[in-house]
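One structure below.
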Amino acid sequence: MAVAMTEKLETVYQQIKARNPGEDEFHQAVREVLESLGPVLVKHPEFVEQKIIERVSEPERQIIFRVPWQDDKGEIHINRGFRVQFNSALGVYKGGLRFHPSVYLGIIKFLGFEQVFKNALTGMPIGGGKGGSDFDPKGKSDGEVMRFCQSFMTELYRHLGEYTDVPAGDIGVGGRELGYMFGQYKRITNRYESTVLTGKGVAWGGSLVRTEATGYGAVFFVREMLAARKDALEGKTCIVSGSGNVALYTIEKLQQLGAKVIACSDSNGVIVHEKGIDLPLLKQIKEVERRRISEYAARHEDAKYLPGGDVWDIPCQIAMPSATQNELTGKDARTLVKNGCIAVGEGANMPTTPEGVKVFLEAKIAYGPGKAANAGGVATSALEMQQNSSRDSWSFEHTERRLDSIMTNIHASTWETAEEYGAPGNYVLGANIAGFVRVAKAMLALGCI
Ligand code: GLU
């Protein structure tokens, strides 16, 4: 029976691949989930009869639009905007916007697909979606970023709404970009509809802890994985890839919980600081000055800068991939395991290649996939929506406690699901199955829509 189901899943996967040509990242994300689902279909034949897998892999709606804007010299540029409204069985479409030159439909669909199951794992009433543009905010003036964001929102606004679709940030989209987009939405609609975007500035409807949430949440997840193995973060040597929002607040929480972070990176190179990363300096360079991390080594005499270096070559006990998809390969995974790494918590979306995932699972280290480990960002977005809807704002402590308990629950449910399906400690299986079953049950209940 189980074998037949695996064949069935292979056939479905091949159909999805053929139907979405050239979208490699989307194929990878679908394959990874489908590989976990064999035993679920044996237990729930109704999911097969009702074609839940075929339906869940087809976005409900995909919007692609032109984004024209003028740079400071008056020259016109044309970018492409996307919003993929993937699944609304559990709630409004929810997920970030990514501005990065690598963005194309396949990236947005992989992110949207992952988001559906991630959001389900939070236990909150949010469906999944994702969007963005191939616009590169790097090196652009504030005025250029504002004009781009206004043009982007001038098209996107008609597809959004508190009860329809609620975007947030992702790579290249932070408080500045969300501010410009919220301003334009408000102007066009003549509504102060706070709940239409999350990750807003605290002064204009944002939630405390949202900035920190993805990084903090990933660290809480790692803390739980270690606790399940009767271990703790205190005194552990860690490396964090990236130096954006997720990486900075991963470093902050690791340090608060007594771990030592000795390296981080950007797309140009790696900094290694054996005494431990000086976070206030790193934040100043990245958040205030918006510069590259090579600047950190220039201002800190005991730090080393490795141009073009691979952060995964630095020996550590805990690795937290917090940059982007497929940044950690099979070779990197083997290096980490060989160097004594005992836990990996993914703050980024799908940062480990399928070969790398296999290495971690075979080595039986504590491996927390992004879907589970980085769900704290979107979960706190849902908390921001709750505060906006009730015209309330919660304290930092209260919001962080809520985030902590959501992450602790995600750990417990992925752990228990893995045990239930005979794969103790396999959070990949646990996350895929727990997320999928929640969405699939809701889809069944809502009928063939
Ligand atoms: N972009 C984040 C993610 O990958 C957050 C999405 C949100 O807050 O809606 O989950």
Side-chain angles (χ1 to χ4, degrees), residues 25 29 82-88 90-100 103 107-122 124-133 156 160-162 164-175 177-178 181-182 194-201 205-218 221 242 244-250 321-325 327 345-351 368-388 399 402-403 406-407 410 431 435:
E25 297 81 1
F82 300 89
R83 186 70 182 167
V84 173
Q85 299 181 330
F86 222 111
N87 195 296
S88 60
L90 293 175
V92 297
Y93 306 109
K94 183 82 200 83
L97 298 169
R98 175 177 293 191
F99 292 170
H100 192 270
V103 164
I107 294 265
I108 300 299
K109 276 165 74 175
F110 118 64
L111 290 164
F113 185 75
E114 292 264 305
Q115 199 83 45
V116 172
F117 305 107
K118 181 198 309 194
N119 293 5
L121 282 175
T122 66
M124 303 172 99
I126 39 178
K130 204 86 188 190
S133 174
L156 188 65
L160 307 184
E162 161 176 9
T164 310
D165 185 348
V166 180
D170 195 85
I171 294 173
V173 178
E177 291 75 15
L178 286 163
M181 286 192 270
F182 184 64
S194 305
T195 317
V196 77
L197 287 175
T198 61
K200 298 182 295 296
S207 172
L208 288 167
V209 192
R210 178 62 191 87
T211 304
E212 295 83 356
T214 311
Y216 278 21
F221 194 88
N245 166 271
V246 179
L248 291 178
Y249 293 95
T250 295
S322 312
T324 194
Q325 67 275 356
E327 56 165 311
E346 295 183 341
N349 290 312
M350 205 170 75
K371 242 180 240 110
N374 74 35
V378 75
T380 308
S381 278
L383 299 180
E384 182 172 331
M385 292 162 74
Q386 287 183 23
Q387 293 169 74
N388 292 154
T399 317
R402 293 281 305 261
L403 167 65
I406 291 165
M407 295 314 296
I410 295 175

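Worth knowing before you read on, the calculation uses all heavy atoms, side chains too, and leaves out hydrogens, waters and symmetry mates. Positions are given from 1 along the sequence. All ligand and atom numbering here is 1-based and tracks the order in the structure.
At a heavy-atom distance under 4.0 Å, no atom of E384 approaches ligand 1. Residue contacts with ligand 1 for E114 are absent, since no atom lies close enough (heavy atoms, distance under 4.0 Å). Contact annotation: for Q115 versus ligand 1, heavy atoms closer than 4.0 Å belong to the side chain alone.
Between A168 and ligand 1, a contact under 3.5 Å exists for no N or O pair. Distances between N or O atoms of N374 and those of ligand 1 include no value under 3.5 Å.
Applying the 4.0 Å criterion to heavy atoms of K94 picks out, from ligand 1, the atoms 7 (C), 9 (O). Here is the list of ligand 1 atoms found below 4.0 Å of a heavy atom in S381: 7 (C), 8 (O), 9 (O). Close approach of ligand 1 to K118 is summarised as follows: ligand atoms under 4.0 Å from at least one heavy atom of the residue are 3 (C), 4 (O), 10 (O). Within ligand 1, the atoms closer than 4.0 Å to a non-hydrogen atom of N349 are 4 (O), numbered from 1 in the order shown. Interface of R210 with ligand 1, defined as ligand atoms under 4.0 Å from a residue heavy atom, comprises 5 (C), 7 (C), 8 (O).
A donor-acceptor pair is defined here as one N or O able to donate and one able to accept, closer than 3.5 Å; such a pair exists between the side chain of N374 and the backbone of A348. Put simply, the side chain of N245 gets close to the backbone of T211: a donor and an acceptor are under 3.5 Å apart. Judged by distance alone, with hydrogens and angles left aside, the side-chain atoms of R210 form a donor-acceptor pair with the main-chain N or O of G377 at under 3.5 Å. Side-chain N or O atoms of K200 include none that pairs as donor or acceptor with a backbone N or O of G175 at under 3.5 Å.
Checked options N119, V378, L90, I406; the residue passing with M124 is I406 (criterion: side chain to side chain contact (heavy atoms under 4.5 Å, CB included)). The side chain to side chain contact (heavy atoms under 4.5 Å, CB included) test with L160 is passed by exactly one of V92, D165, V166: D165.
Under the 4.0 angstrom criterion for non-hydrogen atoms, P167 is not in contact with ligand 1.
A heavy-atom distance below 4.5 Å is not found between the side chains of V84 and K130.
Closest protein heavy atom to atom 6 (C) of ligand 1: G96 N, 3.5 Å.
The pair E114-K371 counts as a salt bridge, with a side-chain nitrogen and a carboxylate oxygen less than 4.0 angstrom apart.
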